[in-house]
Every structure is written in structure tokens, then in C-alpha cells.
Amino acid sequence: MTEIVFPDPQGYADLATLVRRARQADPEAAVRLQVAGRVLRVWVGVLPGSGLLADGAAVGVRGIELAGEAQGGAAAGAGASELDVVCAGAALTERFAHDGVGACRLSVPPASTYAAWAGALPPAAGWSAAGSIPAAALIDAARGGIAEIAEGVDADHTGVPAGSRAVQQLRRRVWSRPVAVRTGAPAVGIPAGAAFAAYVLGFVPEPTATVRVWVSGRWVRLQTAHGHVLARP
């Protein structure tokens, strides 16, 4: 079984935190683990999107340093073969609970899962700069959308099932809207779902900061010091 080896418990903890935050937004979130050399690139689905091209998807990505040690088959480590697998976030969460605090090694779940966004992501190269957006605008869009959906789900305090078609439609409608920007708007529209993903993953910097925006085809990318978010309107 493939093991991903971190140089210290902090790297393992960073992965666990990222996956748990994604699952707060989507309990069925998929996670793509990519290893090249001593870098683990983690992709976490916050909004899965729909259709073969994952329209409406919002995905967070962050790089985590690995140790130079490799264990087993396509294991992680310096000079090791690349690892590229899509796992269920729930399966990884079970691993985290089993390993406990202070762990430095993660056994990758043997069963993979399907996520449309994982096969629809654009290449790492070829992104074009599209300006920047105030971090405050992202925070406002995320918080406003969360409040609107919460109000819609329980407008009459009857507890509408979270997975109902009406709630799914409400979420798609809210997160597909462009983020409102008063001044200095980027060259492309930023879907509110991208703001939501950046917010729940803890990628949004201070409200006074600015976030760089990139575009590749229909994909939009938000770049922050804490991680990136890719969204497909």
C-alpha cells in the first residue's frame, strides 16, 4: 500500500485540516493526491459541479512538502514515481482518525473514487493574468451566500432536507452568481462559488489584501498565499 511520508507532523496536519474543511462544505468531497518528487499537491472538491465538464465546480489546491523517504510501489518521496489518485474524503478522514495526532505517514486508501472535476482541470501551464480582486469582496460573497442558503433551507423552520432538489437548485443559483466588486473589477467574472471555496478552506487573506486572478479557458483561478482555488462557472 502506498505511503505518503511527511518530514514532520505539521505537513500531515495541514493535509488533514484541508480535507476536513472541504468535507464541511461537501461531506462527499473527493480529494486528488498528486506527488512529484518531494511535493504533494492536494486538490479538494468544495463544490463538485455537474456534468462531464463539472460546470459549477470549485476546487482548492495546495502544495505540501514531503520527506525524501519512499515506501512501496508508487510511493511518495524524492525520485519516486508520481502518484496521482482520487480518493473519497471520507476514506482519508478515517485514516486521520486512526493515525492520530503526531503522525507523519499516510497510507493512501486503496479504493479510488470518481470526480468529474479531476478529469476536467486545465493544464498547470498556460494561465493568463486577469487582474485582481479585493479579498473583502470574496469574504462578503461567501458569507452572504452562506446566509442566503441557510435562510432558504429553513425559511419556515420546517427543516427542509439539505439534499432536496430545491436546496440543490438554490445552492447552484447562489454560487453561480458573479462576485460583486465596486472598483477595480478583474477582467473576468468570479463565481461566488470560488469565493465560498476560498473562505471555507481558509485561503482568504486579510480583507484589506488583494487576490490575483488567472484564467484558462472557462476556468478561473484565485491565487493567495495560503492556496489556490479553481472554479468553472
Side-chain angles (χ1 to χ4, degrees), residues 13-32 41-50 54-64 89 92-93 115 117-118 121 127 130-154 162-163 167-186 188-215 218-233:
D14 287 347
L15 170 62
T17 297
L18 191 60
V19 173
R20 286 168 177 152
R21 285 179 173 174
R23 293 196 66 219
Q24 287 179 348
D26 179 9
E28 299 181 357
V31 180
R32 184 179 185 181
R41 182 170 291 181
V42 186
W43 308 77
V44 291
V46 176
L47 297 175
S50 60
D55 293 331
V59 183
V61 58
R62 183 175 181 183
I64 302 176
L92 287 171
T93 301
W117 56 260
L121 292 170
W127 289 84
S132 61
I133 186 170
L138 299 177
I139 295 171
D140 289 345
R143 289 177 175 172
I146 291 170
E148 182 176 349
I149 291 171
E151 182 179 356
V153 168
D154 200 23
V167 173
Q168 292 175 356
Q169 292 176 341
L170 173 61
R171 287 174 173 160
R172 283 195 292 268
R173 184 166 65 251
V174 170
W175 299 131
S176 64
R177 294 174 186 161
V179 175
V181 184
R182 296 181 181 178
T183 59
V188 296
I190 308 298
F196 173 64
Y199 182 76
V200 298
L201 295 177
F203 288 175
V204 182
E206 293 297 321
T208 55
T210 58
V211 175
R212 297 187 67 184
V213 181
W214 303 81
V215 63
R218 283 189 56 192
W219 285 89
V220 176
R221 175 163 61 94
L222 304 179
Q223 177 185 355
T224 80
H226 306 290
H228 298 232
V229 168
L230 282 69
R232 183 178 172 88

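We count residues from 1, following the sequence as given.
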4.5 Å side-chain heavy-atom contact, D14 and R62: yes
Residue pairs involving residues 20-31 (criterion salt bridge (charged side-chain N to carboxylate O under 4.0 Å, His left out); sequence neighbours excluded): none
Closest contact, heavy atoms only, W175 versus I149: NE1-CD1, 3.3 Å
Closest non-hydrogen atom pair, V19 against G89: CG1-O, 3.9 Å
Which atom of A194 lies closest to which atom of A231, heavy atoms considered: CB-CB, 3.7 Å
For R221, side-chain contact (heavy atoms from CB on, under 4.5 Å) partners two or more places apart: W127, W214, Q223, H228, L230
Expected output: side-chain T224 to main-chain F203 donor-acceptor under 3.5 Å: yes
Any L121 side-chain heavy atom under 4.5 Å of W43 side chain: yes
Verdict with supporting geometry, R143 and Y199, side chain to side chain contact (heavy atoms under 4.5 Å, CB included): CA-CA 8 Å; R143 289 177 175 172; Y199 182 76; 3.1 Å; yes
Test item: R218 side-chain N/O and P233 main-chain N/O as donor-acceptor pair under 3.5 Å: yes
Closest contact, heavy atoms only, A22 versus L201: N-CD2, 3.9 Å
Between CG on residue L138 and OG1 on residue T210, distance to nearest 0.5 Å: 10.5 Å
Closest non-hydrogen atom pair between A25 and V200, with its separation: CB-CG2, 4.4 Å
More than 12 heavy atoms from other groups under 6.0 Å of CZ on R177: yes
Worked verdict on F196 versus V174 for side chain to side chain contact (heavy atoms under 4.5 Å, CB included): CA-CA 10 Å; F196 173 64; V174 170; over 6 Å; no
Residue pair V213 / L222, side-chain heavy-atom distance below 4.5 Å: yes
Exercise: identify the closest heavy-atom pair between A137 and V179: O-CG1, 3.5 Å
